[in-house]
Amino acid sequence: MQNGGGSLIQVRNLNVTYHSFGETKQAVRDVSFSLNSGETLGFLGESGSGKSTIGWAILGMIEPPHEASGEVVYNNFNVLAASEGKLRRYRWKEVAMIFQTAMNSLDPLVTIKKSFVQLLIGKGIADKEEGAVEIAVNLLRYVGLSPKVLDMYTFELSGGMRQRVSIALAIACNPKILIADEPTTALDTVNQFSVLANMRKLKEERKIDAMILITHDVEIQMIMADRIAITLKGRIVEEGSKEEMINDPKHPYTRLLLQSVTSANITKIEAATGNNVKFEDGKDGCPFLAQCPYAMPKCAESFPEPKAFSKTHTVYCYIY
Ligand code: SF4
């Protein structure tokens, strides 16, 4: 699949609903955005805000009984409408993902060598084990690991080594886009730094065209992202360049979230203490309603329309 540059992925009106044990939960609500060539787009929000689900939907990993609707379009390829066969050719070769816990994504029963060989031969990157191992050695060296790792099992590696193996596997098929889902959350500070350095190198050396970085960690987003989308209860409530978010955050939730790490440019809003505005059943109001000190009755009626402050900075809030 070739891409013409500019916007690499367009997500339009994405909704994802999970069904489990008779319960229904809408994890993503009417989310739209583009990922552009050359950028790192950060999704920043609390656990459960829908940001990981957005990543899984982009990879076409929302399977029945769960539901995904809307559009995820990669170079005229509509991911949500694609057959499993087409998705297998798309995953890892066009878009790959690093998961939060490498232990969960690596097969504990096989050596690291076997994981590489299975992937590289399965995806047609190598036709024999010998060639696959040669590629694997180069990939491991690229992420700062010794080829000796090939003969080890996942449980024999430290958390940082496992995460670097995950990065090497994720780029093994030369994907254009890398989605990193909380890639450093389980690591200590030293390993966090080396994994982040590896990810920066991937983009600087154009091993990948663009990256989506999903994390609740504000400081990591400030280091890594070019553009940031703030997620709350399945919605994007604000998006903008990193500079716009640091210097001029607009949404009350964004201001609260960034207050601890950014400069005095942010006028402190009151600690979220709630208000007297109540939701009515069946209405789909602002997801920050219960905590927002500025809430007004219409905030409970419907989700606000987007308000653009620049070509890149958009906010969903009735204050503006
Ligand atoms: Fe607060 Fe209303 Fe804005 Fe939501 S829409 S952040 S409740 S003022």
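The first residue of the sequence shown is numbered 1, and numbering continues consecutively from there. We count ligands from 1, going down the list as the structure has it; atoms in each ligand are counted the same way.
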Subject >> Per-atom contacts of ligand 1 with Pro304, taking only distances under 4.0 Å to non-hydrogen atoms >> reply: 5 (S)

**OP:** Please check if atom OH in Tyr320 has more than 12 non-hydrogen atoms from other residues, nucleotides or ligands closer than 6.0 Å.
**Re:** yes

Original post:
Tell me, which pairs form a ring-ring contact (aromatic ring centres under 6.0 Å, His included) where one or both residues lie in residues 27-49, sequence neighbours left out?
Top reply: Phe33-Phe43

Original post:
Would Cys292 count as a contact for atom 1 (Fe) of ligand 1, in the sense that one of its N, O or S atoms lies under 2.8 Å from it?
Top reply: yes

Original post:
Could you give the distance from OH (Tyr90) to CG (Leu59), rounded to the nearest 0.5 Å?
Top reply: 6.0 Å

Original post:
Just which atoms of ligand 1 are under 4.0 Å from any heavy atom in Cys299?
Top reply: 2 (Fe), 5 (S), 7 (S), 8 (S)

Subject >> atom 3 (Fe) of ligand 1 to nearest N/O/S of Cys317 below 2.8 Å >> reply: yes

Subject >> Element-labelled atoms of ligand 1 that are located less than 4.0 Å from some non-hydrogen atom of Pro252 >> reply: 6 (S)

Subject >> Student check: side-chain heavy atoms of Glu238 and His313 closer than 4.5 Å >> reply: yes

Subject >> Partner residues of Glu84 under the side-chain hydrogen bond (donor to acceptor under 3.5 Å, both in side chains) criterion, sequence neighbours left out >> reply: Arg91

Subject >> Per-atom contacts of ligand 1 with Ile319, taking only distances under 4.0 Å to non-hydrogen atoms >> reply: 8 (S)

Original post:
Should the pair Arg29-Asp284 be classified as a salt bridge under the 4.0 Å nitrogen-to-oxygen rule?
Top reply: yes

Original post:
Can you list the atoms of ligand 1 that are under 4.0 Å from a heavy atom of Tyr318?
Top reply: 3 (Fe), 5 (S)

Subject >> Residue His251 vicinity, atoms of ligand 1 by number, heavy atom under 4.0 Å >> reply: 6 (S)

